[in-house]
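Reading through the structure tokens given below for one structure.
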Amino acid sequence: MTFLRRTVFIVLLFASKFSYSSDVLADEPTDSPSDTIALEEIEITANRLVNFTTGSKVQRINANDIETYYTSNLSELFSEITPISIKSYGISGLSNIALRGMSTKHTAVLWNGVNLQSTMNGGVDMNSFPTFLIDEISIQQGGASALFGSGAVGGIIHLNSVPQFDKGIDISYNQNIGSFNNFFEGLKFNFSNSNLASSTRIYQSSGKNDFEFVNTQQFGKPKVKQENSAENKYGVLQSNAFKIGTNQKISTNIWVQSHFQEIPSMTTSSESAQNQNTDILRLSAMYNINGIKSSWYSRFYYNFFSQVYKDPMISLISEMDTYTLLGEFENKTSLGSHFILNTGLNHVYDRVTTPNYGTDKYRNKTAMYSSLKFFNSENTFTTIANIRDEYVDDKFTPFTYSASLNYKPTNFLAINTSYSKNYNQPTFNDLFWLPGGNPDLKEETGWSSDFGIDLKLKTGINEINFNTSLFNNFVENMVIWLPTTSSYWTAENVEKLWSSGLESNLKYDLIIQSIKFRIHVFYTYIKSIYINENINIVNAFENTISNNYYQNSGDFYGKQLLYTPEHKGGITFSSTYKWVQVRYNHSFVGERYITKDNNNSVESYHVGNLSLGGKLKINTSQLNINFKVNNIWNETYEVMAFYAMPLRYYSINLSYNFNKQLNKI
């Protein structure tokens with residue numbers, strides 16, 4: 001699209017928006033569907049997720065599951081109860097995630113609506129995220145660049161920390177003591193009435209992580225002890241929300257964290273003295289105003305990320321500082337009783353300071369996006385169209401768009417389908433690293449499609465929730481690093497990646513008087529391969545059936561993407577009787593290849609975890625205790641090649657909660 005066409009597009013889009021916004025400050029029609037709930041209940045952090053993802057596959061983690069992992073990190077939660085692919089370098093090391101056979105840089109991670117992907121490498125370390133900070137988790141599968149911009153190619157992890165109104169005084173203390181000198185404690189103080197909500201969370205975790213493991217790389221496969229694997233993490237998150245009158249709200253967040261990690265040696269090496277320290281400061285302020293037909297949102301965000309890596313054995317110190325500033329305005333307007341129009345404008349400024357780039361590097365990105373949603377009066381049919389255009393430094397990026405549809409032929413069955421054009425910006429490391437960075441890199445572009453069904457049945461004491469999806473993702477101009485004639489590698493746009501597969505989830509609940517049973521089963525099949533020609537939604541299906549692109553037409557074409565298992569599954573069983581609960585989780589991860597020719601791999605593995613706990617409620621207080629056995633079958637396994645994982649280990653968790661409504665004090 002030419003500059004003129006894009007300029008006309010932006011002008012017309014704003015003109016149409018302002019013409020519809022003269023009667024501002026509104027709620028939505030009373031007959032709107034359930035996913036367009038009252039505006040006063042939706043902040044900018046959730047507007048697009050709640051209102052404009054209908055037809056896409058979105059898995060929401062329930063609050064009880066989040067609380068179960070309060071004393072752990074998000075890496076453990078995702079690996080045990082979701083289909084997300086985890087790339088974890090040990091229990092205390094870097095832990096990246098990937099969705100639907102894409103790479104880490106193709107999975108966006110949003111906290112309160114802001115993308116936290118590293119400007120330098122596109123990743124987000126899930127080991128650095130205490131679950132204790134998060135109130136809501138949603139996993140959106142499939143591309144969504146038109147909604148959320150660069151990086152949202154394989155999917156999005158939505159994380160929200162949102163204080164609630166009218167909850168009175170709520171104080172909770174969590175403590176966990178585990179094997180290998182692991183310790184966590186967190187204190188949460190919430191205060192709220194009808195106009196003010198404040199949440200303070202203070203946390204600290206540490207561990208020596210000197211576990212025993214079977215070193216399969218040494219002769220005789222001896223049991224050895226992990227060394228140089230300690231970590232220490234502490235921080236505070238302060239969240240506030242203020243209501244101004246009946247239709248305005250201001251929300252603020254301050255998150256400060258320091259995380260020190262020792263980096264252990266690989267099982268093929270003798271020793272390591274590597275370590276890194278990461279400090280973050282995240283500030284956000286949000287304002288929204290609601291009215292009869294329209295609502296306005298605005299947001300400011302600042303992020304400072306500082307990391308120092310050291311390897312004393314070779315006298316290496318590597319320092320890097322990242323700064324991000326974001327400003328955003330967004331408007332949502334009801335057009336009659338069946339349409340909702342959403343339009344937004346944001347600007348992001350990134351700066352990275354590191355000797356590895358020679359000089360400071362900058363990036364300015366301005367994005368214009370819009371969504372139109374239609375729903376019928378019976379709430380049985382919904383369709384959404386999204387468009388987005390971005391201007392990065394001195395040029396436009398590829399225009400992105402998406403469409404989705406949700407149809408409910410009965411009250412227990414829903415059919416969903418979606419299609420999106422996606423893109424991903426090269427990371428600063430790919431562009432500027434010395435030596436090898438390539439400032440002439442193009443954006444990665446591609447598309448994704450999805451078709452799925454949701455089934456919900458409830459009869460008496462039984463409830464069944466089942467969903468399954470078929471998907472395709474394609475990316476071209478994929479950036480990889482290749483050897484040169486010199487002594488270093490360089491980044492180039494040379495690859496095409498196609499992933500396709502199946503995802504299924506089943507939840508069954510049974511309640512018999514005081515006994516509650518729940519079974520959750522999930523399974524994913526992913527074929528993620530490099531191919532040597534373009535593919536579209538039509539021949540993607542044809543070639544899947546004929547197995548055409550799976551043939552080896554080169555050194556690695558048709559081969560599975562590194563560290564992407566074809567099969568992953570899990571089952572969680574829990575039973576609760578009055579105040580006692582037993583829970584067993586079992587996960588399976590298939591073989592993962594570690595070389596492009598697929599001649600070398602990491603073996604598949606099974607891991608089981610068993611926990612027993614209870615809750616005791618006394619007036620306005622509740623005491624919880626939980627004992628957990630991790631890796632109960634004492635499995636020897638690796639998530640990433642040559643990085644040790646512990647054998648059987650234990651933890652005990654104690655939490656106390658006090659809640660008092662203000663009108664009862």
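One is the number of the first residue; the rest follow in order along the sequence. As the structure is a prediction and not an experimental result, all values here were calculated from the model.
Side-chain contact annotation: Ser294 with Thr333, donor-acceptor N/O pair under 3.5 Å present. For Glu330 and Tyr369, the side-chain atoms include at least one donor-acceptor pair closer than 3.5 Å. Between Gln248 and Tyr287, the side chains place a donor N or O and an acceptor N or O closer than 3.5 Å (distance only, hydrogens not considered). For the 3.5 Å distance criterion, the side chains of Asn253 and Ser284 qualify, holding a donor opposite an acceptor. Side-chain contact of Asn73 with Asn127: a donor-acceptor pair under 3.5 Å is present, judged by distance alone. Inspection of the Asn472 and Trp498 side chains reveals an N or O donor paired with an N or O acceptor under 3.5 Å. The closest side-chain donor-acceptor pair between Ser370 and Thr343 falls under 3.5 angstrom. In summary, the side chains of Glu328 and His347 do not present any donor paired with an acceptor at a separation below 3.5 Å, with no hydrogens or angles considered. Between the side chains of Ser198 and Asn240, a donor-acceptor pair is found at a separation under 3.5 Å. There is a side-chain donor-acceptor pair under 3.5 Å between Asp321 and Ser306. Side chain to side chain, His259 and Ser128 fail the donor-acceptor criterion of an N or O pair below 3.5 Å. A side-chain donor-acceptor contact under 3.5 Å links Ser95 and Ser75. Side-chain contact annotation: His338 with Asn376, donor-acceptor N/O pair under 3.5 Å absent. A donor-acceptor pair shorter than 3.5 Å can be found between the side chains of Ser448 and Ser420. In the model, Thr278 has a side-chain atom that pairs as donor or acceptor with a side-chain atom of Gln307 under 3.5 Å.
Within the 4.5 Å cutoff, the side chain of Lys332 has no heavy atoms near those of the Leu341 side chain.
Between Tyr391 and Phe396, the ring planes lie perpendicular to each other; the angle is over 60°, past the 30° to 60° tilted range. The aromatic rings of Phe339 and Phe374 lie tilted to each other, with the angle between the two planes from 30° to 60°. A perpendicular orientation is assigned to the rings of Tyr357 and Trp433, their planes being inclined by more than 60° (bins at 30° and 60°).
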The test is ring-ring contact (aromatic ring centres under 6.0 Å, His included); show your working for Trp255 and Tyr301 and say whether it passes.
CA-CA 11 Å; Trp255 179 8; Tyr301 171 76; 9.8 Å; no
Side chain to side chain contact (heavy atoms under 4.5 Å, CB included) between Asn424 and His106, intermediate numbers included:
CA-CA 7 Å; Asn424 188 47; His106 297 138; 3.8 Å; yes
Evaluation steps, side chain to side chain contact (heavy atoms under 4.5 Å, CB included), between Thr468 and Ile453:
CA-CA 6 Å; Thr468 189; Ile453 61 170; 3.7 Å; yes
Report the C-alpha separation of Phe52 and Asn342 in whole Å, then their side-chain angles, then the decisive distance to 0.1 Å, and conclude whether the side chain to side chain contact (heavy atoms under 4.5 Å, CB included) test is met.
CA-CA 9 Å; Phe52 299 101; Asn342 192 78; 3.4 Å; yes
Evaluate the side chain to side chain donor-acceptor pair (under 3.5 Å) criterion for residues Asn406 and Asn416: first the C-alpha distance (whole Å), next the side-chain angles of each, then the deciding distance (0.1 Å), finally the verdict.
CA-CA 5 Å; Asn406 171 266; Asn416 302 291; 2.6 Å; yes
With side chain to side chain contact (heavy atoms under 4.5 Å, CB included) as the criterion, how do Thr427 and Thr119 come out once you've worked through the C-alpha distance, each side chain's angles and the decisive distance to 0.1 Å?
CA-CA 6 Å; Thr427 68; Thr119 306; over 6 Å; no
Run the numbers on Thr324 and Asp350 for side chain to side chain donor-acceptor pair (under 3.5 Å), then give the verdict.
CA-CA 5 Å; Thr324 299; Asp350 291 308; 2.8 Å; yes
Before giving the answer on side chain to side chain donor-acceptor pair (under 3.5 Å), spell out for Thr353 and Asp360 the whole-Å C-alpha distance, their side-chain angles and the decisive distance to 0.1 Å.
CA-CA 5 Å; Thr353 300; Asp360 289 5; 3.2 Å; yes
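What you find for Gly154 and Leu99 is that their closest heavy atoms are O-CB, 3.7 Å. Residue Asn429 comes nearest to Trp481 through the heavy atom pair O-CZ2, 3.5 Å, listed as atom of the first residue, atom of the second, then distance. Minimum interatomic distance between Ile156 and Ala144 (heavy atoms only, all atoms of both residues): CD1-CB, 3.7 Å. Residue Ser499 comes nearest to Arg100 through the heavy atom pair OG-O, 2.8 Å, listed as atom of the first residue, atom of the second, then distance. Considering all non-hydrogen atoms of both residues, Ala491 and Val479 come closest at CB-CG1, 3.9 Å. Between Ser150 and Gln425, the shortest heavy-atom distance links the atoms OG-N, 2.8 Å.
Phe165 carries Lys243 over the face of its six-membered ring, with the cationic atom under 6.0 Å from the centre and within 45° of the normal. Cation-pi geometry between Arg351 and Tyr323 is met: under 6.0 angstrom from the ring centre, within 45 degrees of the axis. Cation-pi contact between Lys361 and Phe432: present, with separation from the ring centre below 6.0 Å and deviation from the ring axis of at most 45°.
Between the side chain of Thr417 and the backbone N or O of Leu405, no donor-acceptor pair lies under 3.5 Å. Between the side chain of Asn467 and the backbone N or O of Asp454, no donor-acceptor pair lies under 3.5 Å. Distance alone, capped at 3.5 Å, places no donor-acceptor pair between the Ser239 side chain and the Ile254 backbone. Between the side chain of Thr53 and the backbone N or O of Ser56, no donor-acceptor pair lies under 3.5 Å. Side-chain atoms of Asp393 come within 3.5 Å of backbone N or O of Asn364 as a donor-acceptor pair.
By the salt bridge (Lys or Arg N to Asp or Glu O under 4.0 Å) test, Arg201 pairs with Asp135, sequence neighbours left out.
Of the inter-residue distances, the one linking Lys496 atom NZ with Ile529 atom CD1 reads 13.0 Å to the nearest 0.5 angstrom. We find the CD1-NZ distance between Ile415 and Lys408 to be 12.0 Å, quoted to the nearest 0.5 Å. Atom CZ in Phe304 sits 8.0 Å away from atom CG in Leu281 (nearest 0.5 Å). Taking OH of Tyr525 as the start and OG of Ser500 as the end, the distance is 7.0 Å to the nearest 0.5 Å.
Glu136 pairs in a side chain to side chain donor-acceptor pair (under 3.5 Å) with only one of the listed residues (Asn62, Asn160, Asn112), which is Asn160. When each of Asn473, Ile535, Thr400 is paired with Trp447, the side chain to side chain contact (heavy atoms under 4.5 Å, CB included) condition holds for Ile535 and for no other.
Between Lys105 and Glu444, at least one side-chain nitrogen of the basic residue sits less than 4.0 Å from a carboxylate oxygen of the acidic one, meeting the salt-bridge criterion.
If you look at His158 and Phe148, their ring centroids are closer than 6.0 Å.
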